Amino acid sequence: MEKLGIYLDVDLLHELDKTVTANILKIEKEIAAVVGKETINLNSPSQVENLLFYTLQLPPQRKSKTGKFSTDYEVLKALAGLHPIPALIITYRELAKLKNTYIDALPHYVNKKTHHIHTTFSQTAAATGRLASSNPNLQNIPADASGYGIEVRAAFKAEHGDLFISADYSQIELRVLAYLSQDVNLMNAFLQGHDIHSETSARLFDVALADITNDQRQLGKRINFSILYGLTPYGLSKDLGISFKDAKRYIDRYFEQYPQVSEWMKSIIEKTKQLGYVETLWGRKRYIPTIYEKNRTLYEEACRIAINTVAQGTAAEIMKLGMLAVHKKLAIDYSQASILLQIHDELIISAPQEIVGEVEKLVKNTLESVVEWNVPLVVMTHSGADWKEITK
DNA sequence: AATTTCACG
DNA sequence: ACGTACGTGAAATTA
């Protein structure tokens, strides 16, 4: 992956830059018009803090680690109803991030000889066993289709009439959780091919699966993901904008409906205390010394890390085994096809257009067969001429 | 070098 | 009463 690299259409990025830069200038003027004479660097959290909470006298929401008033997205969102400036700053930040981190920076990484970007993948950076990408990081290219972000993906293009194929594991961490816990309800949902977020919602609300509304499904989705992070009632209440009490009810109800998940989590914590480390399914160890902490906050953090490491790390192992298997098979029958990128639960592959259909099938089957569990693995594939086209 | 913020899974 | 969701990397500012 590092050696092959990936082609970047610098001219397309330059076109995007014109639009984004024009928008940035427009917002800077709008803010200047409201603020008056005082010049302000919108990239400086400290100057934004002064503007919002001293000049404009807006109510501070919370403090950062060093005691200053935070100005992050969540804070700005909360202030947006009180004054026009916070919303403008949100948009400014969005565009400035896009320009500084991606549009302006990526072209400098294009190699003069290969005309490709060659990222570096580290196998020892992430404590869970995931890969990490750097210089540049190609695992955090914008994916959100609501703004201009997704257009950066359009600049990553297949060459010579080839097409890109994306192959992504569907809900791999929840399937890992289902397998490791052997939770009957979670396993059956996957075995029956149910939409797992609707399933969780249906169980939480005691409603038939078919009657789940889109909003209810979104809630099930948030809760499913939160479980893997070791959610707290406080964190969930903040995320969903509901009361602490209701959040606690949801969590209690989740563990009622998936009792073996609860038992499994307890057993992981116990094992971590015995050994001083957690182990993934294939035996990667992560030492967690704070599991012996008396400070409750640190101890609870250790518990969350232990749980999440097993799920995230085991999923990473499945992906790495899948990559080895795919690489070997491609080398034998489809030597013109190559893996270009890995984004945790997803691969980006390039292949000549004539064999794309066959390669898609091979990759899907191979990745789904890495393990033969009593919980199925499911891989979705998409093909297209650039990275935007295959982002769903 | 530390801090803040924000992009991704 | 207290503090509060996992794993990363990069850019800009500030100390």
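Bear in mind that the values here come from a model prediction, so they are computed numbers and not experimental data. Below, each value reflects all heavy atoms present in this structure, side chains not excepted, and no hydrogens, waters or symmetry copies. So you know, we letter chains A, B, ... as the sequences are listed, proteins then strands, and number each from 1.
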Nearest-Å distance once atom [atom1] is located in both [N] and [M]:
N: C/dG3; M: B/dC6; atom1: C1'; value: 23 Å
N: B/dA7; M: C/dC2; atom1: C1'; value: 32 Å
N: C/dT4; M: B/dT3; atom1: P; value: 15 Å

[X], [atom1] atom: more than 12 neighbouring heavy atoms under 6.0 Å:
X: A/Y73; atom1: OH; value: no
X: A/K26; atom1: NZ; value: no
X: A/H327; atom1: NE2; value: no
X: A/H194; atom1: NE2; value: yes
X: A/K320; atom1: NZ; value: yes
X: A/Q123; atom1: CD; value: no

- Task: Mind checking the OG-NZ spacing from A/S243 to A/K248? Nearest 0.5 Å is all I need.
- Result: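 Going from the OG atom of A/S243 to the NZ atom of A/K248 covers 12.0 Å.
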Assign [X] to base, sugar-phosphate, or nothing according to its heavy-atom contacts below 4.0 angstrom with the strands shown.
X: A/N140; result: base
X: A/L131; result: nothing
X: A/R286; result: sugar-phosphate
X: A/A125; result: sugar-phosphate
X: A/A127; result: sugar-phosphate
X: A/R130; result: base
X: A/T309; result: nothing
X: A/I141; result: sugar-phosphate
X: A/E300; result: base
X: A/Y73; result: sugar-phosphate

Atom [atom1] of [X] and atom [atom2] of [N]: how far apart are they, to the nearest Å?
X: A/E74; N: C/dA5; atom1: CD; atom2: C1'; value: 12 Å
X: A/I227; N: C/dA5; atom1: CD1; atom2: C1'; value: 11 Å
X: A/L106; N: C/dA11; atom1: CG; atom2: P; value: 9 Å
X: A/M265; N: C/dC6; atom1: CE; atom2: P; value: 13 Å
X: A/L341; N: C/dT8; atom1: CG; atom2: P; value: 20 Å
X: A/K221; N: C/dA5; atom1: NZ; atom2: P; value: 21 Å
X: A/R222; N: C/dA5; atom1: CZ; atom2: P; value: 15 Å
X: A/N295; N: C/dA1; atom1: CG; atom2: P; value: 18 Å

Name every residue in [range] that has at least one heavy atom under 4.0 Å from any atom of DNA chain B, in order of residue number, or write none if there are no such residues.
range: residues 230-246 of chain A; value: none
range: residues 79-89 of chain A; value: none
range: residues 93-105 of chain A; value: A/R93, A/K97, A/Y102
range: residues 11-27 of chain A; value: none

query = Can a salt bridge be assigned to the pair A/K266 and A/E270 using a cut-off of 4.0 Å between side-chain N and carboxylate O?
reply =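 No salt bridge links A/K266 with A/E270.
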Taking A/R175 first and then A/E368, would you say they form a salt bridge - that is, a charged N and a carboxylate O separated by under 4.0 Å?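 No, this pair does not count.
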Quick check on [N]: is either OP1 or OP2 less than 4.0 Å from any side-chain nitrogen or oxygen of [X]?
X: A/Q139; N: C/dG7; answer: no
X: A/S44; N: C/dT14; answer: yes
X: A/N135; N: C/dA10; answer: yes

| task | Decide yes or no on side chain to side chain contact (heavy atoms under 4.5 Å, CB included) for A/I390 and A/E346, but give the supporting numbers first. | result | CA-CA 11 Å; A/I390 57 173; A/E346 173 186 18; 5.7 Å; no
Item to check | Range on DNA chain B touched by chain A, heavy atoms, distance below 4.0 Å | outcome: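 Boundary nucleotides touching chain A, in 5' to 3' order, are B/dT3 to B/dG9.
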**Item:** Pair A/H116, A/E159: side-chain N/O donor-acceptor within cut-off below 3.5 Å
**Value:**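 Yes, because at least one side-chain N or O of A/H116 sits under 3.5 Å from a partner of the opposite role on A/E159.
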Here DNA chain C, pairs taken as Watson-Crick or G-U under 3.5 Å and shown with ( ), [ ] when crossing and | when to another strand, reads .....|||||||||.
Check whether A/S133 reaches the backbone of A/L138 with its side chain - one donor and one acceptor, N or O, closer than 3.5 Å.
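Checked: pair present.
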Checking A/Q61 side chain against A/P59 main chain: does a donor-acceptor pair fall under 3.5 Å?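 Looks like yes, one N/O pair under 3.5 Å.
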Quiz prompt | Audit row: A/E358, A/K361, salt bridge (Lys or Arg N to Asp or Glu O under 4.0 Å) steps and yes/no | solution = CA-CA 5 Å; A/E358 288 172 63; A/K361 278 182 215 156; over 6 Å; no
Centroid-centroid under 6.0 Å between A/Y229 and A/F225 rings:
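Centroid separation for A/Y229 and A/F225: 6.0 Å or greater.
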